[in-house]
Visitor: 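Pasting a structure here, questions to come.
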Amino acid sequence: MRKEDLRIVFMGTPEFAVGTLKALVEGGYNVVAVVTQPDKPVGRHGSVLRSPEVKVYAQEHDIPVLQPVKMKDEEFLAELRSYKADLQVVVAFRMLPEVVWAMPKYGTFNVHAALLPQYRGAAPINWAIINGETRTGVTTFFLDHDIDTGRVIMQRSFEIPLEADVEYVYDGLMELGAQTAVETIERIIEGEGSVETLPQEEMIEVGTELHPAPKIFKDTCKIDWTQPVKRVYDFIRGLCPIPGSWGEVVLPDGTQMELKVYQSALTERPTNDIVAGTLIKEKKAVFVACSDCLLELKTVQPNGKKRMDAISFANGLH
RNA sequence: CGCGGGAUGGAGAAGUGGUCAACUCGCUCGGCUCAUAACCAAGAGAACGGUGGUUCGAGUCCACCUCCCGCAA
């Protein structure tokens with residue numbers, strides 16, 4: 001089989017998915033249609049619609065775009081069938097009903113930004129960093145009934161440096177995910193539709209804990225200063241820059257305020273009984289006490305203000 | 001009409017009707033010092049987002065506008 005003969009339908013929404021879609025298009029694969037989320041209202045007054053990044057890219061390359069509201073909608077399913085896909089590739093999309101993933105003869109595989117079975121769920125990159133992992137990766141697997149549980153085709157690992165935030169890992173995994181997706185398709189083509197897979201149950205080492213990666217909400221992003229400084233640090237970078245973490249800090253004058261924290265730095269300076277969450281201002285640095293050591297703040301954002309460096313923020317305290 | 005918060009010297013930020021503007025940082029100049037991102041001294045720099053209104057008088061009250069930020073999506 002030649003790759004031109006393999007009809008692919010791509011499914012995905014955000015920029016992360018564009019990485020793979022782009023690799024397929026530029027790699028000469030036959031992407032016959034793209035499925036993405038409907039346009040969503042954006043902006044502060046609710047009238048402007050924004051197209052998903054995947055849609056924008058697809059339109060620029062004259063690929064038909066489908067934006068179903070309901071994946072089980074008959075009209076949508078009929079249209080999807082009309083593209084006669086041999087294979088569906090899913091990246092950062094949503095849960096699919098069996099009627100969709102079972103449609104192509106070679107099946108549907110997903111590119112997930114973690115080393116499954118670890119970090120199953122919507123926010124694998126964030127959670128891996130929050131938990132202080134030094135390694136994560138991407139996995140391609142065939143979809144089945146549950147979220148991120150299918151048989152694994154390929155896996156590639158990726159280092160997470162100590163200072164890395166979500167942006168860094170996101171970019172790295174987008175690239176790695178794209179390569180892995182292409183290689184996965186290569187294998188499927190070489191095998192004329194059949195590839196070797198490994199069930200995830202066989203990949204779970206006895207005694208290891210499985211970390212989930214559920215969707216993140218505002219409440220999830222609240223900083224707990226009573227944790228050790230390393231955990232707070234990982235938490236902050238695991239949510240930076242999107243969606244951003246926030247915490248309540250106690251200012252030198254005793255008042256309390258909410259503060260978003262984007263970048264911080266570890267220190268080994270002991271807290272010395274200062275109450276966790278207390279902000280400490282020095283000439284050239286700002287710290288917040290955690291349970292064991294001080295965390296240095298680098299980039300913060302007070303309510304209603306723009307993001308600023310911590311020194312500037314401290315200059316305004318009086 | 002989705003909800004809410006803002007707009008003051010280069011940066012942060014006080015100040016809610018009557019010394020046209022505090023403070024922190026930065027900047028310039030001088031000093032101290034082997035030296036310094038440290039310290040001391042002096043100085044420059046703001047008609048307070050825009051327009052109109054209320055008032056004897058507005059950064060400070062009202063209206064509209066512009067822009068920014070958070071939530072929600």
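Every chain is numbered from 1 and lettered A, B, ... according to where its sequence line falls, protein lines coming before strand lines.
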Visitor: Grab the N/O contacts between the protein and nucleotides 67-69 of chain B below 3.5 Å, and write none if there aren't any.
Guide:
from	atom 1	to	atom 2	distance (Å)
B:rC69	O3'	A:Gln301	NE2	3.3
B:rC69	O2'	A:Lys305	O	3.2
B:rC69	N4	A:Arg44	NE	3.0

Visitor: Can you tell me the base-pairing partner of B:rC3? Count Watson-Crick or G-U wobble geometry only, both distances below 3.5 Å, and say none if there is no partner.
Guide: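 Pairing partner: B:rG70.
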Visitor: Side-chain N or O of A:Lys260 less than 4.0 angstrom from OP1 or OP2 on B:rC71?
Guide: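 So the side chain of A:Lys260 is within the cut-off, an N or O lying under 4.0 Å from OP1 or OP2 of B:rC71.
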Visitor: Tell me whether A:Asp86 is salt-bridged to A:Lys105, with the criterion being a basic N under 4.0 Å from an acidic carboxylate O.
Guide: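 Salt bridge between A:Asp86 and A:Lys105, a charged N being under 4.0 Å from a carboxylate O: yes.
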Visitor: Rounded to the nearest Å, what distance is computed from the CG atom of residue A:Asn315 to the C1' atom of nucleotide B:rA14?
Guide: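 Distance, rounded to whole Å: 13 Å.
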Visitor: Return the nucleotide paired to B:rU24: Watson-Crick means purine N1 to pyrimidine N3 with N6-O4 or O6-N4, wobble means G-U with N1-O2 and O6-N3, both under 3.5 Å.
Guide: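 For B:rU24, the partner nucleotide comes out as B:rA11, under the 3.5 Å rule.
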Visitor: Grab the CE-P distance between A:Met308 and B:rG6 for me, whole Å please.
Guide: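 Computing the A:Met308:CE to B:rG6:P distance gives 14 Å.
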Visitor: What distance, rounded to whole Å, do you find between the two C1' atoms, one in B:rA46 and one in B:rC62?
Guide: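 My reading of the C1' atoms in B:rA46 and B:rC62 gives 25 Å.
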Visitor: To the nearest Å, give me how far apart NZ (A:Lys218) and C1' (B:rC3) are.
Guide: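 After rounding, the gap between these two atoms is 13 Å.
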Visitor: Do the side chains of A:Arg269 and A:Glu282 get close enough for a salt bridge, i.e. N-O under 4.0 angstrom?
Guide: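 Here A:Arg269 pairs with A:Glu282 in a salt bridge, since their nearest N and O are under 4.0 Å apart.
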Visitor: Below 4.0 angstrom, N of the basic side chain to O of the carboxylate: do A:Lys55 and A:Asp39 qualify?
Guide: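 Answer for the salt bridge query: yes.
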Visitor: Could you work out the separation of B:rG15 and B:rC48 based on their C1' atoms and round it to a whole Å?
Guide: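 Between the two C1' atoms, the distance is 10 Å.
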Visitor: By nearest atom, which of the nucleotides B:rA11, B:rG26, B:rA73 is closest to the A:Arg50 side chain?
Guide: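 Nearest to the side-chain atoms of A:Arg50, counting from C-beta on, is B:rA73.
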Visitor: Answer yes if the side chains of A:Arg237 and A:Gln263 hold a donor-acceptor pair under 3.5 Å, and no otherwise.
Guide: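 No, no side-chain donor-acceptor pair sits under 3.5 Å.
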Visitor: Between B:rG59 and B:rC1, how far is it from one C1' atom to the other, in whole Å?
Guide: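 It works out to 31 Å between them.
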Visitor: In whole Å, measure the gap between the P atoms of B:rA73 and B:rA11 for me.
Guide: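 To the nearest whole Å, 35 Å.
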Visitor: Rounding to the closest angstrom, what is the interatomic distance between B:rG9 and B:rG45 at atom P?
Guide: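 These two P atoms come out 15 Å apart once rounded.
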Visitor: Distance between the P atoms of B:rG43 and B:rA21, in whole angstroms?
Guide: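 To the nearest whole Å, 16 Å.
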Visitor: So for atom CD, which belongs to A:Glu60, do other residues, nucleotides or ligands contribute more than 12 heavy atoms lying within a distance under 6.0 Å?
Guide: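 Result for CD/A:Glu60: enclosed.
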Visitor: Under 4.0 Å between a Lys/Arg side-chain N and an Asp/Glu carboxylate O for A:Arg156 and A:Glu183?
Guide: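 Between A:Glu183 and A:Arg156 there is a salt bridge, with a charged N closer than 4.0 Å to a carboxylate O.
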Visitor: For the C1' atoms, the ones on B:rG18 and on B:rU55, what distance do you get once it is rounded to whole angstrom?
Guide: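 Per the computed distance, 12 Å lies between those C1' atoms.
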Visitor: When the P atoms of B:rC65 and B:rC27 are considered, how many whole Å apart are they?
Guide: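 Each nucleotide's P atom is 42 Å from the other's.
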Visitor: Checking base pairs now: Watson-Crick or wobble, both atom distances under 3.5 Å. What partners B:rC61?
Guide: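 Checking every strand shown, B:rC61 finds its partner in B:rG53, with both distances under 3.5 Å.
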Visitor: If you pin A:Asp309 and A:Lys283 to their nearest nucleotides in RNA chain B, which one's is more 5'?
Guide: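 By nearest-heavy-atom nucleotide position, the 5'-most residue is A:Asp309.
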Visitor: Under 4.5 Å between any side-chain heavy atoms of A:Tyr119 and A:Glu133, yes or no?
Guide: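 Yes - at least one pair of side-chain heavy atoms lies under 4.5 Å apart.
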Visitor: Side-chain contact test, heavy atoms from C-beta onward, threshold under 4.5 Å: evaluate it for A:Asn131 versus A:Asp234 and give yes or no.
Guide: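 No, too far: nothing below the 4.5 Å cut-off.
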Visitor: Measure the distance from CG on A:Leu317 to C1' on B:rA22 and round it to the nearest whole Å.
Guide: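 Between C1' of B:rA22 and CG of A:Leu317: 15 Å.
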Visitor: In whole angstroms, how far is the P atom of B:rA72 from the NZ atom of A:Lys215?
Guide: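 Value for this atom pair: 10 Å.
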Visitor: For B:rU33, which nucleotide is its Watson-Crick or G-U wobble mate, given both distances must be under 3.5 Å?
Guide: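 Because no pair has both required distances under 3.5 Å, B:rU33 counts as unpaired.
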